[in-house]
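In what follows, a structure is listed as C-alpha cells, so that the remarks can point back to it.
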Amino acid sequence: MKITYFGHACFFIETAKARLIIDPFLTGNPQAPVKATEVQCDFILVSHGHDDHMGDALSLSKHCGATIISNYELAEYFAAQGGKAHGMNPGGSFNFPFGRVNLTIAHHSSSLNAGLHPLYMGVPCGFVVRADGKTIYHTGDTGLFLDMQLIGRAGIDLAMLPIGDNYTMGPDDALTALDFLKPKVAVPMHYNTWPIIAQDGAEFARRAAQAGHKVQTLAPGASLEF
Ligand code: NI
Ligand code: MN
C-alpha cells in the first residue's frame, strides 16, 4: 500500500486493487501538490460536508467514474448531481472491491453554506480501511474522543490524525489519541494550510517519540509505502 499526502486532510492511497482518495480538497488548497484534473482514482472517501473535505469529490467522481463513499446524506447530495455514491453511516462496514471500509464517529460538524441557512450534510465521520492486509484509520476532522480506544482494538497500522487545533484536536489531544489508538505509525494532517491552524509537525513528532509513538510527517507530495 502506498499513501501520498496531498496536503490538508487529503491522502491518495494506492492499494493492490484500487486507487483511493480521501477528502479530495485540491482546488483552492494552498498545499495541494497536484491539480484535481491530474488525479485518476477509483474511490473517493469524504469524511464530512465542509468545503475543505468535499472539495473536488463531485468533479472527480464524474471525471474518473469513481464511487464516492461517505455518510448517507452526502452520498445522496452527490448522487442527485450525477455523481456515483455509496452512502453509509457510523458503525457500518462494507466490503468494496479493494477492501473493507468502516465508518467511525467524529466529533465535529457537517454542513454547507454555514451562514443564515446552513445545509445539513449528515454526520461527520472517519474511516477505518482494511486493504492489502493493512488497517489504516483517517479520523476525519474531530476532537479527541474516548472511543478511539475501541477503534485502536482493530490494530491500526497507520493513523492519519489532525493536529491543527481550533477546528479539530491540537497536538496535545493528538498525543492522547496516539495513546488510545496505538498505531504503528501516525501521520499528522489538517495543519499549516492556513495561519489559524499553524502547528509544528516536527515538534509533534518529537513529543510523540518521547511518549513511545512513531509519527512520520509528510510534506505535501511525499509518500509512505508499507
Ligand atoms: Ni470540517
Ligand atoms: Mn476541515
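Note that ligands are numbered from 1 as they come in the structure, with each ligand's atoms numbered from 1 the same way. All figures in this text were calculated on a predicted structure; none of them were measured in a lab.
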Item to check | Carboxylate-amine/guanidinium contact Arg207 Asp172, below 4.0 Å | outcome: yes
Checklist entry - How about Tyr137 and Phe127: are their ring centres within less than 6.0 Å of each other? => result no
Item to check | N, O or S atom of His190 closer to the Mn ion (ligand 2) than 2.8 Å | outcome: yes
Checklist entry - Does a donor on one side chain and an acceptor on the other come within less than 3.5 Å for Thr15 and Asp132? => result no
Checklist entry - Any idea which N/O/S atom from Asp52 gets closest to the Mn ion (ligand 2)? => result OD2
Checklist entry - Would you say His108 reaches the Mn ion (ligand 2) with an N/O/S atom under 2.8 Å? => result no
Checklist outcome for this item: Among N, O or S atoms, Asp141 approaches the Mn ion (ligand 2) most closely through OD2
Item to check | Nearest heavy atoms of Met88 and Phe94, plus distance in Å | outcome: CE-N, 3.7 Å
Checklist entry - With no hydrogens and no angle check, do the side chains of His50 and Asp141 hold a donor and an acceptor under 3.5 Å apart? => result no
Checklist entry - So, do His138 and His190 have ring centers that fall under 6.0 Å from each other? => result no
Item to check | Of the N, O or S atoms in His50, the one nearest the Ni ion (ligand 1) | outcome: ND1
Checklist entry - About how large, to 10 degrees, is the angle NE2 of His108, then the Ni ion (ligand 1), then OD2 of Asp141? => result 90°
Item to check | His48 atom (N/O/S) at minimal separation from the Ni ion (ligand 1) | outcome: NE2
